[in-house]
Amino acid sequence: MTTLFDLPTLEAALPRIYQHMTPSSCRHWPLLSQQLGCDIYLKHENHNPTGAFKVRGGLVYMQALSERHPELEGVVSATRGNHGQSIALAASQVGLKTLIVAPEGNSREKNAAMEAFGAELLLAGKDFDESRKIAEQLAEERQWHMVPSFHKDLVLGVASYALEMFQQHTFDTVYVPIGMGSGICAVITVRDLLQLDTKVVGVVSTGADAIKQSFEHKRIIPTDSAVTYADGMACREPQQDAMAIIQRGADRIISVNDDEVAEAQRQLFSSCHTLAEGAGAASLAALRQERDQQAGKSIGLVVTGANIDRDLFSQVLQGKTPSVS
């Protein structure tokens, strides 16, 4: 079986991450567990320095990049926000400039956070995939490095949260939201390196289900659109390398709609006092679908991020589902 990295490589990468952040908690929540009839542990990646799990990958990627190319002036990447914050923070740590391309109409608060971490921000493209193509053009024009959304070094960094989870608890199933795939690929890889029997279930949006379609048909199937207010899952062109790992190691892929995501956000807030962005609550939304078959089992839910605009979260708390076009 081919893996992206081995356990010693992962362990050697940990100091790069923990130099800038502490391990996030993986906490059992009794009330939430009672409500769903299983033992639920939340992996609180929403408590990280950038409010999301991606900072781990950025730190490892940028350190390795700067060592390979000490002459490099800057980096370019595309994002809906969490990846961009990660890259901006990590690039600043190694003295690199950052240009981030985000879609038009992107989250105002995520945009502000990326700029605060030092990024030059350009809003261009109707969605993430269009922004990515624009970013690639700008990287070529500036002769800067284009940071992809999926890369083995990004997965290596993200895998630190999976290692933390599996070293603390034993799970029957872990639910992981999917955007471009670094999170679920990290969980699958660490699960396999530790030779565990835990099932890994991916979660996508019904409005952005290219990963689910590709998984079920065993070939890459891009979609024409990715419409969901859970912007961390709004991707329409799966990456071949990510899909190969997901195809091999995921038990199944579940789709959740925006109404289900909003209800999961409300439940996380009321039962655990936990703030989750749309994608961050998707794992709970999926478990709610499967609560009967998971009765009495030990379940890990990855809360991937907390970065949701105040006006959107206000709508969620009022019992509404934010609309997107």
Side-chain angles (χ1 to χ4, degrees), residues 3-26 43-69 72 75-96 98 100 114 117-119 145-168 174 176-194 200 232 239 241-242 245-246 249 279-280 302-307:
T3 57
L4 291 174
F5 46 82
D6 56 22
L7 197 56
T9 300
L10 173 55
E11 292 171 341
L14 297 180
R16 299 184 184 183
I17 299 165
Y18 297 146
Q19 180 181 0
H20 302 285
M21 60 174 286
T22 57
S24 64
S25 62
C26 188
K43 182 55 171 166
H44 284 285
E45 292 299 285
N46 55 326
H47 294 168
N48 288 344
T50 62
F53 76 99
K54 288 181 178 289
V55 64
R56 299 169 179 270
L59 289 167
V60 170
Y61 186 97
M62 283 299 156
Q63 183 65 42
L65 178 68
S66 65
E67 292 172 357
R68 290 194 303 268
H69 300 284
L72 192 63
V75 296
V76 183
S77 196
T79 185
R80 291 301 302 262
N82 290 341
H83 174 70
Q85 291 179 67
S86 165
I87 296 306
L89 182 152
S92 69
Q93 298 293 332
V94 295
L96 292 173
T98 305
I100 296 295
M114 287 187 281
F117 280 120
H145 176 81
M146 176 66 191
V147 181
S149 299
F150 187 90
H151 185 276
K152 66 178 183 179
D153 287 342
L154 294 174
V155 179
L156 176 62
V158 170
S160 60
Y161 90 61
L163 185 63
E164 292 166 9
M165 285 185 75
F166 290 132
Q167 286 180 335
Q168 292 179 54
V174 173
V176 189
I178 306 175
M180 296 305 293
S182 62
I184 190 170
C185 290
V187 173
I188 289 170
T189 300
V190 175
R191 187 261 328 257
D192 293 346
L193 289 174
L194 297 177
V200 178
Q239 298 294 303
D241 291 345
I245 297 171
I246 295 169
V302 184
V303 184
T304 52
N307 298 321

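Note that this is a predicted model, so its numbers are computed, not measured.
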Test item: [X] side-chain N/O and [Y] main-chain N/O as donor-acceptor pair under 3.5 Å:
X	Y	value
Ser25	His44	no
Arg191	Gly249	yes
Ser92	Gly118	no

Between [X] and [Y], which heavy-atom pair has the shortest distance, and what is it?
X	Y	value
Gly58	Ile87	CA-CD1, 4.3 Å
Ala162	Val187	CB-CA, 3.8 Å
Gly183	Val176	C-CG1, 3.9 Å
Tyr61	Pro148	OH-CD, 3.3 Å
Asn307	Gly51	ND2-O, 3.5 Å
Ser149	Ala78	OG-O, 4.2 Å

Give every donor-acceptor pair under 3.5 Å between a side-chain atom in residues 150-157 and any protein atom, sequence neighbours left out.
unit_1, atom_1, unit_2, atom_2, d
His151, ND1, Asp153, N, 2.9

By side chain to side chain donor-acceptor pair (under 3.5 Å), Ser77 pairs with (sequence neighbours left out) His83
With side chains defined as the heavy atoms from C-beta onward, is the minimum distance between [X] and [Y] less than 4.5 Å?
X	Y	result
Leu7	Leu194	yes
Val55	Gln85	no
Leu10	Leu163	yes
Thr50	Asn82	no
Leu96	His145	no
Asp192	Ile188	yes
Arg16	Val60	yes

Measure the spacing between [atom1] of [X] and [atom2] of [Y] and express it to the nearest 0.5 Å.
X	Y	atom1	atom2	result
Gln168	Lys43	CD	NZ	5.5 Å
Gln93	Gln63	CD	CD	9.5 Å
Ile178	Thr304	CD1	OG1	11.0 Å
Met180	Asp241	CE	CG	11.0 Å

**Prompt:** Between Tyr161 and Phe53, how do the two ring planes meet: parallel, tilted or perpendicular, split at 30° and 60°?
**Reply:** perpendicular
From the list Ser24, Ser182, Pro49, side chain to side chain contact (heavy atoms under 4.5 Å, CB included) with Arg56 holds only for Ser24
Side chain to side chain contact (heavy atoms under 4.5 Å, CB included) with Met62: of Val147, Leu89, Thr98, only one passes, and it is Val147
Q. For Asp6 and Thr9, does a side-chain donor sit closer than 3.5 Å to a side-chain acceptor?
A. yes
